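We number each residue from 1, following the sequence as shown. Since we're looking at a predicted model, the values are computed, not measured.
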Amino acid sequence: MQIASRQPMWNEGGRGTVVEVNMTPTTGLKFQLAYHATNGLPVVINWGDGNKTEHPYRGGDILTAHTYLLYGKYKVTVEGVRSIGLRFLDGQAQYSYDAAVISVVDYCGQITGSQSAAFKKAVNLERYICPNCTWQGQRDFAYCSKLKEVVIGMNGICYDGTYQYCSSLEKYTTLRTNTCWSYVWQGCTKLRELRLGAVTQFATQDFDQCPNLMDIWIDNKTVEQIKQVASEGNIVAGYGARFPWNANPNCRFHGTNGIVLGNGTIIHE
């Protein structure tokens with residue numbers, strides 16, 4: 001499924017998960033990855049400069065660093081991991097090398113999830129393509145101001161601020177989103193449409209500061225359930241949040257039986 005405004009390019013070749021980085025005087029020459037290994041599998045990292053790191057399987061949070069000799073672009077290939085990023089939890093330290101990451105592409109479907117703040121403030125990240133990723137943590141991509149393209153599997157939960165202030169993101173499409181916590185798309189100023197599939201919950205300010213967001217498709221709710229006025233089956237109000245969750249008054253919420261505008265007007269089809 002595609003989340004953005006252009007088709008992903010799958011003809012580049014590659015194996016494992018490829019993290020493209022651009023090491024500059026601003027980022028420095030050290031780059032560090034945070035990951036969880038796939039159960040029972042060794043981890044092999046080719047750093048793109050002829051150096052390789054190999055680890056036997058072990059559980060838990062793992063950090064592996066490498067220092068390049070020269071500035072420039074490198075393709076880091078990682079095999080044997082189920083999640084990858086730059087940190088494990090929101091609130092952990094930010095580093096100059098956060099700005100080195102340009103793209104993350106999983107060619108073999110090994111990535112199944114993403115830890116909290118994995119790429120928070122990776123200000124040069126343009127795309128994240130992990131088609132088997134089915135869960136994401138808190139503020140995984142917050143402040144990724146160049147992020148335009150995301151491909152993931154069914155996102156069961158969008159935790160707080162998953163795409164907060166991704167100001168280049170224009171379109172988001174998934175088959176199932178289920179639970180949305182707070183501030184998920186806050187500050188996505190170019191965002192035009194959300195195709196969310198099945199949704200059970202929205203929370204506070206999910207659509208705050210999204211002036212261009214005009215269409216939100218929800219495949220499993222009537223307009224009355226979206227507006228939270230049906231007798232049962234309504235969108236759950238996370239933290240007591242109410243329709244329209246800070247969406248602009250003209251935003252169209254598309255339900256199974258019509259459209260409800262952000263100002264509350266229902267248009268039955």
Considering all heavy atoms, the nearest Tyr239-Ala203 contact: CD1-CB, 4.2 Å
Donor-acceptor under 3.5 Å (Asn46 side chain, Gly48 main chain): no
Contact check, side chains of Ile235 and Lys221, non-hydrogen atoms, under 4.5 Å: yes
Cluster overlap Ile267 with Met214, hydrophobic side-chain contacts below 4.5 Å: no
For the student: nearest non-hydrogen atoms of Gly264 and Lys227, plus distance: O-NZ, 2.8 Å
Polar side-chain atom of Asn257 near backbone of Val223 as donor-acceptor pair, under 3.5 Å: yes
OH (Tyr159) with more than 12 external heavy atoms under 6.0 Å: no
Heavy-atom donor-acceptor pair, Asn178 side chain to Val199 backbone, under 3.5 Å: no
Audit row: Val150, Arg127, side-chain contact (heavy atoms from CB on, under 4.5 Å) steps and yes/no: CA-CA 6 Å; Val150 180; Arg127 61 178 183 159; over 6 Å; no
Salt bridge Asp90-Lys120, side-chain N to carboxylate O under 4.0 Å: yes
Side chain to side chain contact (heavy atoms under 4.5 Å, CB included) partner of Tyr128, chosen from Ser103, Cys144, Cys133: Cys133
Polar side chain donor-acceptor pair, His254 to Glu193, under 3.5 angstrom: no
Pair Gln136-Ser114, side-chain donor/acceptor within less than 3.5 Å: no
Within one Ile-Leu-Val-Met-Phe-Trp-Tyr cluster: Trp135 and Ile129, side-chain cutoff 4.5 Å: no
Linked, directly or transitively: Ile62 and Val43 (ILVMFWY side chains, under 4.5 Å): yes
Close side-chain approach of Trp217 and Leu194, heavy atoms under 4.5 Å: no
Donor-acceptor pair, side chain of Asp219 and main chain of Thr256, under 3.5 angstrom: no
Distance in Å, Gln209 CD paired with Asn246 CG, rounded so as to fall on 0.5 Å steps: 9.0 Å
Ionic contact status for Arg192 with Glu170, cut-off 4.0 Å: yes
Side chain to side chain, Glu126 and Glu149, heavy atoms closer than 4.5 Å: no
Asn250 and Asn248: side chain donor to acceptor below 3.5 Å: no
Test side-chain contact (heavy atoms from CB on, under 4.5 Å) applied to Val19 and Val101, step by step: CA-CA 7 Å; Val19 181; Val101 182; 4.1 Å; yes
N/O donor-acceptor pair under 3.5 Å between Asp160 side chain and Gln138 backbone: no
Side-chain heavy-atom pair Lys73, Met23 within 4.5 angstrom cut-off: no
same_hphob_cluster(Phe243, Ile218) at 4.5 Å side-chain heavy-atom cutoff: yes
Contact check, side chains of Val104 and Leu125, non-hydrogen atoms, under 4.5 Å: yes
Gap between atom CG of Asp215 and atom NZ of Lys171 - 0.5 Å precision: 11.0 Å
Lys/Arg-Asp/Glu bridge criterion (N-O < 4.0 Å) met for Lys121, Asp98: no
Contact summary for Ser168 and Ser145, nearest pair of heavy atoms: OG-O, 2.5 Å
Residue of the set Phe202, Tyr183, Trp185 for which ring pair (Phe, Tyr, Trp, His ring centres under 6.0 Å) holds with Trp245: Phe202
Flag side-chain contact, heavy atom, 4.5 Å: Cys166 against Cys188: yes
Flag, side chain of Thr222 to backbone of Gln225, donor-acceptor distance under 3.5 Å: yes
Atom pair CD1 (Ile111) and CG (Asp106), whose distance is rounded to the nearest 0.5 Å: 5.0 Å
Distance in Å, Asp206 CG paired with Leu213 CG, rounded so as to fall on 0.5 Å steps: 11.0 Å
Verdict with supporting geometry, Leu261 and Arg252, side-chain contact (heavy atoms from CB on, under 4.5 Å): CA-CA 5 Å; Leu261 303 181; Arg252 297 177 288 264; 3.6 Å; yes
Shortest non-hydrogen contact between Gln186 and Asp208, atoms and distance: NE2-OD2, 2.8 Å
Parallel, tilted or perpendicular: ring planes of Phe207 versus Phe253, cut at 30 and 60 degrees: perpendicular
Thr24 (side chain) donor-acceptor with Thr27 (main chain) under 3.5 angstrom: yes
is_close_aromatic(Tyr163, Tyr172), centroid dist under 6.0 Å: yes
Inter-residue atom distance Arg87.CZ - Phe119.CZ, 0.5 Å rounding: 9.5 Å
Where Ala99 and Val123 come nearest, the two heavy atoms and their spacing: CB-CG2, 3.9 Å
Taking every non-hydrogen atom, the tightest pair across Thr64 and His55: OG1-NE2, 3.4 Å
Side-chain donor-acceptor pair present, Asn234, Gln228, cut-off under 3.5 Å: no
Connected via hydrophobic side-chain network under 4.5 Å: Tyr74 and Val44: no
Donor-acceptor side-chain pairing of Tyr107 and Thr17 below 3.5 angstrom: no
Donor-acceptor pair between Gln32 and Tyr97 side chains, under 3.5 angstrom: yes
Heavy-atom check, side chain of Val78 versus side chain of Tyr35, under 4.5 Å: no
Test side-chain contact (heavy atoms from CB on, under 4.5 Å) applied to Thr134 and Ile152, step by step: CA-CA 7 Å; Thr134 58; Ile152 60 172; over 6 Å; no
Pairwise distance CG(Asn212) to CG(Leu191) - rounded to 0.5 angstrom: 8.5 Å
Phe31 vs Trp47 side-chain heavy atoms within contact, under 4.5 Å: yes
